[in-house]
Amino acid sequence: MTDVELRVEALSLSGVSAIPPEYVRPEEERADLGDALELARAASDDDATARIPVVDISAFDNDGDGRHACVEAVRAAAEEWGVMHIAGHGLPGDVLGRLRAAGEAFFALPIAEKEAYANDPAAGRLQGYGSKLAANASGKREWEDYLFHLVHPDHLADHSLWPANPPEYVPVSRDFGGRVRTLASKLLAILSLGLGLPEEMLERRLRGHELAGVDDDLLLQLKINYYPRCPRPDLAVGVEAHTDVSALSFILHNGVPGLQVHHAGSWVTARPEPGTIVVHVGDALEILTNGRYTSVLHRGLVSRDAVRLSWVVFCEPPPESVLLQPVPELLADGAGKPLFAPRTFKQHVQRKLFKKLKDQQDNNAAAASNGMITK
């Protein structure tokens, strides 16, 4: 099978009316799957449906009650939901428009041309153009192709993995990465104050400032997800349910819905909130805050009639120089015991991957005992 045949885009463009079995989700997942567009319309029409919080952070730049209200709103969203729509984020609309246009232009190229940037996860090359294969607990594939690479700091980025076509991709992505880095510092300051900590505390902990000789920058990884049309959105997902390993994740999209988050025992479809971006709390921040801020479980749905693109920036600590553990001030005076053992970010990622593989092995063993064959 060639690389082109492995791409979900090629499968979608082939005009199939059914999807291969490796994309069909386990039966227990299918009860609440459906077409992303239809579920989003239903959520928008139902005022009783739970709604992801919308928080305007522009007031944080001012003194007084507005700043305090901003901190409290972000704190509440991070504690109760682990996700929020952020307004007043300071990312200019024309910058976001150029970013979207560049990503859409790349994915509009012929698949064979995109293959020049193909990754090779089996060989340890995770960055580049690829498709998610069955390295997950269910053993199922996801209905997406993607482009993934480091976007900040620029001096650490491998620009050979950044598309040369369209020509504006490199400058637009570089500019966007720098702006999101500034936004990440602002949000980490707000989140620190929400816990009663000095505003620089969470970023210092993520960058290792408290360790002698360590002052590494945060790493920003950009992933553009491309979800082609799917003939059976009731059977497949673009991205299966997971939490992000990052500290924070920043998300924008092309206007096609598909994001769902798990809240209070149910899946909640993200509604369109013009002018906002979505921010997720990830595992690294949940560890630092000893579970005060929740790493949100989320997934991506697909649609029969629309192609969805999303741009996700994962804000991560350095892989090996920083030890992730609950901030001591949050455990002082009997406030609680640590819920997470210390680990580097690299160790956390490895533990999570090992758990996924172990879960998949257990699922395969259970299926085999029932006379089923899994691959």
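All figures in this text were calculated on a predicted structure; none of them were measured in a lab. Just so it is clear, the values below take in all heavy atoms, side chains as well, and ignore hydrogens, waters and symmetry mates.
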For the pair Y23 and W143, name the ring-plane relationship: parallel under 30°, tilted 30 to 60°, perpendicular over 60°.
perpendicular
Problem set entry | Mutual orientation of the aromatic rings belonging to Y169 and H149 [parallel < 30°, tilted 30-60°, perpendicular > 60°] | perpendicular
Rounded distance [0.5 Å steps], [atom1] in [X] versus [atom2] in [Y]:
X: E104; Y: R100; atom1: CD; atom2: CZ; result: 8.5 Å
X: I287; Y: F345; atom1: CD1; atom2: CZ; result: 9.0 Å
X: L259; Y: H280; atom1: CG; atom2: NE2; result: 4.5 Å
X: D283; Y: L288; atom1: CG; atom2: CG; result: 11.0 Å
X: F340; Y: Q325; atom1: CZ; atom2: CD; result: 12.5 Å

Would you say the side chain of [Y] lies within less than 4.5 Å of the side chain of [X], judging by non-hydrogen atoms?
X: E273; Y: V54; value: yes
X: T344; Y: V322; value: no
X: L39; Y: Q260; value: yes

Donor-acceptor side-chain pairing of [X] and [Y] below 3.5 angstrom:
X: N119; Y: Y146; result: yes
X: S131; Y: R7; result: yes
X: T243; Y: K352; result: yes
X: T182; Y: S185; result: no
X: D305; Y: S303; result: no

Strictly below 4.0 Å, N to O, side chains only: are K223 and E144 in salt-bridge contact?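 Yes, this pair counts.
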| message | Tell me whether E329 is salt-bridged to R292, with the criterion being a basic N under 4.0 Å from an acidic carboxylate O. | response |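 Salt bridge flag = no for R292 with E329.
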Would the number of heavy atoms belonging to other residues, nucleotides or ligands and lying under 6.0 Å from CD of E28 be above 12?
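Yes, enclosed.
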Considering residues, nucleotides and ligands other than H68, do more than 12 of their heavy atoms fall under 6.0 Å from its NE2? no
- Item | V55, V71, L202 screened by side-chain contact (heavy atoms from CB on, under 4.5 Å) with I190, the one that passes |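 Only one option passes, and that is V71.
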Discussion item. Would you say the rings of H298 and H242 are close, in the sense that their centroids are separated by under 6.0 Å?
Written reply: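 Judged by ring-centre distance (under 6.0 Å), H242 and H298 do meet the cut-off.
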